[in-house]
Amino acid sequence: MKKFEEFVDGLNDDMIIPDSVDKRFEDTLNMVGVSRRHHSNMWLKVASVALAVVVAGSVFCVSNPTLAAKLPVIGNIFRLVEKNVSYSGNYSNKHTLVADGKKDEKLTAEDQGVKLTASEVYSDGLSVFVTIKMDSQKYDFSKLLKYVATGGQSVTMMTSYGNNTESTKGDYDIPLEGKSEGKSSFIGMMKFEKGEYSVKDGYLNVKVNEIFIEGQGKLGNEDGLVKVKGKWNLKIPYTVDTNKSKEIVVNKTAPKGTQIKKIFVSPYQAAVFTKPASRKPYANVSKDDFEKNYKKNYVKKDTGECKITYDEFINLEDKNYFEYGVFDQDGNKLQFQEVGDRVIENLDTDMFSVNGKKVTKLHIFITEKEENMFSLIKAKTEKKAKEVSEFDFVVDLK
């Protein structure tokens with residue numbers, strides 16, 4: 001014991017600590033409930049010992065990969081999957097969830113032999129990113145067939161959710177993107193939209209109603225798809241980190257009336273908020289023409305009653321379709337992602353991944369001509385996008 005105390009007392013307070021070790025040190029202190037803010041002699045001794053353990057453990061784990069592979073998964077899922085998800089990046093500022101029995105949280109749910117455990121959470125002000133560990137002895141997650149573009153695997157969750165409310169949005173097919181951990185576990189990240197940009201902290205109600213697992217062989221249909229119906233309800237508290245997020249009001253209008261209202265950018269995503277131009281395609285249809293050619297499309301089959309009057313018909317509104325491409329300051333096209341809500345703050349919203357890159361400028365190209373839309377989707381360079389668009393502008397995010 002005396003030698004141990006001499007070892008602690010002999011540690012140099014001025015020793016240089018590598019960033020990677022310092023990060024592990026901080027995580028270790030958080031796990032054991034010790035704060036760096038408590039500057040006492042006892043803290044310094046405990047901290048020094050913790051650092052020594054982390055350093056020794058790092059060396060030992062490097063030389064012993066088997067032991068490293070057995071480090072706790074819960075609390076470290078972001079670190080394990082953040083490079084292989086659609087919205088990739090460095091999630092080191094995440095918050096580790098620890099169940100403490102509070103009424104405003106529920107971090108685990110189990111049904112139909114499948115257990116879901118919320119592990120970590122991060123919010124950039126617009127979205128909430130949650131890591132989840134899924135455990136089951138009934139399914140073999142090592143045989144998953146579904147992959148995402150970044151190389152990770154995916155399990156689809158039929159999910160409804162709400163932000164700071166018990167009432168939740170309708171069902172969405174939200175992927176849990178990540179990787180299998182052996183046969184009986186899968187770890188990954190899910191992305192939820194808050195409904196509006198806000199710096200306020202809150203909680204997320206998540207209700208998973210069905211899980212789609214591909215690659216299960218005889219357990220599923222001929223495509224190896226298993227549908228597991230059940231009830232998995234989670235209530236996840238989150239804090240908002242807007243230090244690296246920006247929302248920029250744009251208010252640009254394309255020739256036919258399509259409006260780009262604003263843009264949101266964080267280290268993980270860019271969101272473009274648009275309002276398509278409205279038109280009245282039937283404004284010039286005569287009453288006789290309505291009676292002969294259009295009215296039949298609005299008649300109820302059971303009663304024969306027309307669901308719409310002539311005046312209502314000629315005032316029906318439709319939206320002009322448009323397409324656009326988004327490029328960063330280096331001329332790289334941002335990848336559009338299906339993951340995410342399509343309507344936020346009553347505006348059409350498209351999400352693009354930035355893969356952890358700092359975006360300082362966005363160049364947006366828009367076409368309202370149907371014959372150019374597919375070409376703009378395929379355009380990989382700004383030069384090509386310029387050729388097939390009628391309107392473009394630059395947003396400086398510095």
Side-chain angles (χ1 to χ4, degrees), residues 126-127 162-163 167 169-173 193-198 246-265 269-300 305-327 333-352 362-379 385-395:
L126 183 65
S127 303
N163 182 58
S167 59
K169 297 183 179 182
D171 286 343
Y172 292 92
D173 289 338
E193 315 316 327
K194 293 176 59 181
E196 63 180 353
Y197 175 69
S198 173
K246 285 187 177 181
E247 186 180 57
I248 308 294
V249 176
V250 177
N251 285 335
K252 298 284 185 179
T253 304
K256 290 185 179 180
T258 296
Q259 297 178 24
I260 306 295
K261 303 295 289 185
K262 61 182 181 178
I263 290 173
F264 170 87
V265 176
Q269 64 179 331
V272 182
F273 297 79
T274 63
K275 185 177 181 180
S278 294
R279 62 189 179 96
K280 295 181 179 180
Y282 309 114
N284 296 322
V285 174
S286 68
K287 191 169 185 179
D288 287 342
D289 195 11
F290 168 71
E291 293 288 341
K292 292 178 181 178
N293 301 311
Y294 294 96
K295 184 176 180 179
K296 60 185 177 183
N297 298 324
Y298 297 91
V299 173
K300 294 181 180 179
E305 178 186 0
C306 185
K307 296 182 289 186
I308 191 171
T309 66
Y310 170 69
D311 288 337
E312 290 172 335
F313 175 76
I314 62 173
N315 284 295
L316 284 176
E317 288 191 352
D318 196 4
K319 293 180 179 179
N320 277 333
Y321 292 104
F322 68 98
E323 187 60 62
Y324 60 94
V326 181
F327 294 78
K333 190 173 186 178
L334 300 190
Q335 183 65 45
F336 170 74
Q337 300 291 347
E338 292 289 349
V339 182
D341 202 347
R342 298 274 68 85
V343 178
I344 298 177
E345 299 178 14
N346 295 318
L347 295 172
D348 290 0
T349 309
D350 289 321
M351 307 286 189
F352 301 82
L362 290 178
H363 196 171
I364 298 178
F365 300 85
I366 298 174
T367 180
E368 295 171 302
K369 294 181 179 179
E370 188 173 347
E371 62 268 25
N372 288 340
M373 291 181 185
F374 189 60
S375 296
L376 184 55
I377 291 173
K378 294 194 300 179
K386 184 79 173 179
E387 293 174 358
V388 294
S389 64
E390 305 89 62
F391 183 72
D392 68 282
F393 60 93
V394 175
V395 179

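With a 4.5 Å cut-off on side-chain heavy atoms, Phe264 and Thr349 do not count as touching. Residues Ile260 and Ile366 have side chains in contact (heavy-atom distance under 4.5 Å, counting atoms from C-beta outward). Proximity of Asp350 to Tyr324: side-chain heavy atoms (C-beta onward) are separated by under 4.5 Å at one or more points. A 4.5 Å side-chain heavy-atom check between Asn293 and Asp289 finds at least one atom pair inside the cut-off. Side-chain contact between Met351 and Ile344 is present, with at least one heavy-atom pair separated by less than 4.5 Å.
By the 6.0 Å contact criterion, NZ on Lys275 is open, its count of non-hydrogen atoms from other residues, nucleotides or ligands being 12 or less. For Glu370, the CD atom is loosely surrounded, since the number of other residues' heavy atoms within 6.0 Å does not exceed 12. For CZ of Phe393, the number of neighbouring non-hydrogen atoms (other residues, nucleotides, ligands) closer than 6.0 Å is greater than 12.
The nearest pair of heavy atoms linking Leu126 to Glu196 is CD1-C, 4.2 Å. Between Ala277 and Gly257, the closest heavy-atom pair is CB-C, 3.4 Å. Contact between Phe322 and Pro276 at its shortest, heavy atoms only, is CE2-CG, 3.9 Å. Nearest heavy atom pair, residue Phe365 against residue Ser389, reads CD2-OG, 3.6 Å. Contact between Lys252 and Val250 at its shortest, heavy atoms only, is CG-CG1, 3.1 Å. Nearest heavy atom pair, residue Ile314 against residue Val285, reads CG2-O, 3.8 Å.
Under the side chain to side chain contact (heavy atoms under 4.5 Å, CB included) rule, Ile364 has a single partner from Asp392, Ile263, Val394, which is Ile263. Looking at Leu347, Asp348, Thr253 one by one, the single match for side chain to side chain contact (heavy atoms under 4.5 Å, CB included) with Gln259 turns out to be Thr253.
At a threshold of 4.0 Å, the pair Lys369-Glu390 does not count as salt-bridged, since none of the basic side-chain nitrogens sits closer than that to a carboxylate oxygen.
In this structure, Tyr282 has its ring center no closer than 6.0 Å to that of Phe290.
One N or O on the side chain of Lys333 and one on the backbone of Ala379 form a donor-acceptor pair closer than 3.5 Å. Formation of a donor-acceptor pair under 3.5 Å by the Glu368 side chain with backbone atoms of Phe391 is not found in this model.
Geometrically, Lys307 does not engage Tyr298 in a cation-pi contact, judged by NZ or CZ lying under 6.0 Å from the ring centre and within 45° of the ring axis.
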